[in-house]
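Have a look at the structure below, then the notes.
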Amino acid sequence: MTLFIDTLCVRYGAAPVIRDVTDTWRDGEVTALIGCNGAGKSTLLKAVAGLLPAQGTVRLDGIPLPPADRGRHIAYMPQETGAASSLTVLEVVLLGRLRSLSMRLPSALIAKAVTALDTFGLAHLQTRRLDELSGGQRQLVFLTQALFRAPRVLLLDEPTAALDLRHQLLVLERLRHLAASTGTIVAMALHDLNLAAQFTDRLIALHGGEFRAAGAAEDVLNRDNLAAMYGIEADVLRLGNARLQVMPLRATTKAGAPS
Amino acid sequence: MIRANLSEAAVDAASDPPSDPPSATAYRALIQRRLLWLICGITAFLALAVADIVTGPSMLGLGEVLHTLVTPSEVSSMTRVIVFDIRLPVTCMAILVGLALGMAGVHMQTILGNPLASPYTLGFSAAAGFGAAIVILTGITLPFVPWLTIPLAAFLMCLAAGGIVFFFARMQGMSPEVMVLAGIATLFMFQAAQSFVQYIASPEVLQSIVFWLFGSLLRASWANVPIVAAVVALATLAVLPDIWRLTALRLGGSRAAAIGVNVQALRIKVFAVVALLTTGAVAFVGTIGFVGLVAPHIARMAVGEDQRLLLPMAGLTGANIMLAASVLSKIVSPGAVIPIGIVTAVIGVPFLFFLILRGQGRNW
């Protein structure tokens with residue numbers, strides 16, 4: 001299974017935010033979108049999910065997906081965790097299967113939703129109101145909702161932004177396992193470059209709405225790219241277990257213009 | 001699609017409950033508690049409906065009224081007329097208007113994501129008032145159905161207000177902010193027009209206009225009750241297929257869109273339903289404040305945000321407030337009936353203050 005993004009272009013008014021992006025995301029692969037604030041990571045994810053007006057096409061296994069149909073195959077988790085809703089945690093998770101919900105909820109579906117919550121240790125919060133939870137707990141609930149949809153393509157915008165270290169690791173391990181075991185295509189925007197290098201198969205460095213680099217962590221995370229994308233001076237270390245470690249040293253002037 | 005179902009099945013299988021699965025007992029208990037609230041609401045509804053039929057200036061006792069309802073042929077024609085032609089239409093209208101305003105209130109607060117929204121946020125009441133005022137001022141009457149002139153003018157003016165708000169909101173993607181702003185602008189526009197009509201009216205006409213604006217159930221009759229009943233039934237059936245999508249909308253527009261809700265289409269549809277419900281209610285009884293604002297909040301406190309329960313509970317709560325107000329309007333001043341629009345505002349304001357204090361630090 002492949003998701004082919006063909007010359008995707010998004011504009012906010014007259015300004016292009018995503019410029020002619022073309023790429024292929026494969027099943028079982030976890031892709032991280034990295035880049036500075038405003039690089040276009042969230043916009044690219046939303047456009048692929050069909051939630052923004054965009055030019056270009058998205059094909060799943062060669063079949064074009066109109067924006068209105070993408071929700072059947074693609075689950076997208078927005079970044080914001082501040083949803084001011086008094087829905088209960090279990091109701092939020094159940095809404096992940098919106099298309100198959102009827103007036104009477106089958107017991108089996110409720111049981112599965114509770115089990116899904118238990119993945120991140122949230123089953124005991126099932127009747128708590130969403131607006132009574134911490135930002136991190138809310139993020140886990142929405143992540144559970146996205147996973148509960150059992151999509152073919154899972155797009156996540158900063159899925160670990162509000163989480164503590166332990167939960168960051170748990171979530172990223174879970175996503176790797178999901179991709180490997182079910183062949184789900186997973187793509188996420190991440191700010192933590194070390195987590196991106198450790199838990200994803202492929203990195204896409206976005207700068208000014210364009211790909212600056214794409215490939216394995218060692219091909220993308222180098223001093224030049226980091227200086228151009230973030231405007232920082234950084235060392236990139238290779239650890240004993242072949243993992244990369246980015247060590248930011250100082251902010252320089254500002255990020256360079258996209259090539 | 002087949003692949004999607006297979007994928008769903010695979011994840012279900014992977015997440016099948018283990019030997020000692022986490023229990024959904026807490027959620028089931030919550031649903032039972034909510035159903036209990038709904039039963040309490042129905043019980044209160046029945047009691048208030050009976051109280052409303054029994055209450056009135058003519059001294060009919062509970063037994064006499066019930067006897068009339070069960071065996072109308074065994075009572076005097078005067079008793080029959082009082083119960084069937086005067087009191088029953090008023091009670092039915094109170095129920096229907098309460099249902100309409102309660103449900104419209106929930107819809108407004110859902111599509112606008114705003115706890116202060118009510119059916120009147122979009123200027124419908126002011127528009128209805130203006131329509132009625134114009135007819136009262138000019139003395140125009142429809143041939144054959146003169147009783148329908150004021151309701152029809154109010155109804156058409158409400159639709160005009162809805163059309164204005166819709167026009168501006170549609171141009172901006174039906175965003176809640178634009179809907180509220182366009183609604184407030186429409187409200188002020190029709191209020192100004194209404195004030196102008198009052199300003200140029202003679203004292204007698206002014207009195208009639210003001211009385212209409214108070215809102216009164218005494219305008220209920222067997223001619224207009226079925227019309228409001230049909231409107232409520234139609235509006236209820238229209239949203240039933242969207243009940244889960246409306247629940248999802250409580251997560252906010254972007255999150256609802258992310259789980260597959262066509263937010264713009266849903267807002268347009270529900271906007272039309274609200275316009276229908278509000279105009280249907282307002283056209284026949286005049287302006288009745290606070291029911292559409294307060295009933296959804298009471299219902300939400302009792303049964304939460306799941307619209308399968310919230311929508312009927314809000315309608316039921318609206319009906320209960322209307323029935324209670326109707327009873328109060330008849331017993332506060334013996335021999336006279338205070339316009340119900342005044343009573344709902346009088347009991348609604350303190351209740352709103354209570355809700356504000358109780359809801360401190362919580363999202364609505």
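To find a chain, count down the sequence lines: A is the first, B the second, and so on, and within it residues start at 1. All values reported here derive from a predicted model rather than from experimental measurement.
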* Quick one: does A/Q145's side chain get under 4.5 Å of B/L251's, heavy atoms only? -> yes
* To do: For A/L87 and B/E305, work out which heavy atoms get closest and say how close.
  => CD2-CB, 3.4 Å
* Shortest non-hydrogen contact from A/M103 to B/R308? -> O-NH1, 2.7 Å
* From A/V89, A/V114, A/L105, residue fulfilling side-chain contact (heavy atoms from CB on, under 4.5 Å) relative to B/Y27 -> A/L105
* **A/L51 to B/A258 - nearest heavy-atom pair and separation** => CD1-CA, 4.0 Å
* Atom of B/A24, atom of A/I110 and distance for their closest heavy-atom approach -> CB-CG2, 3.7 Å
* Distance, nearest 0.5 Å, that separates CD1 of B/I243 from CG of A/L101 -> 12.0 Å
* **Heavy-atom pair of closest approach, residues B/R34 and A/E91** => NH1-OE2, 2.6 Å
* Asked: Among A/S181, A/A68, A/S107, who wins on heavy-atom pairs under 4.5 Å with chain B?
  -> A/S107
* Measure the spacing between CG of B/L249 and OG of A/S85 and express it to the nearest 0.5 Å. => 10.0 Å
* Asked: Who among A/T88, A/V92, A/L90 has the most heavy-atom pairs with chain B under 4.5 Å?
  -> A/L90
* To do: Of all the heavy-atom pairs spanning B/R255 and A/P78, show the shortest one and how long it is.
  => NH1-CD, 3.2 Å
* **Greater than 12 external heavy atoms within 6.0 Å of B/F168's CZ** => no
* Asked: Around A/Y12, counting heavy atoms of other residues, nucleotides and ligands shown, do more than 12 lie under 6.0 Å from its OH?
  -> yes
* Asked: Does any heavy atom of chain B fall under 4.5 Å from the side chain of A/L155, the backbone, both, or neither of them?
  -> neither
* To do: Working to the nearest 0.5 Å, report the span between CZ of A/R128 and CG of B/L30.
  => 13.0 Å
* Asked: What part of A/R70 is in contact with chain B, defined as an atom under 4.5 angstrom from a non-hydrogen atom: side chain, backbone, both or neither?
  -> neither
* Structure fact -> So, the part of B/I259 with a heavy atom under 4.5 Å from chain A: the answer is both
* Structure fact -> Bottom line for B/R28: the part with an atom under 4.5 Å from chain A's heavy atoms is side chain
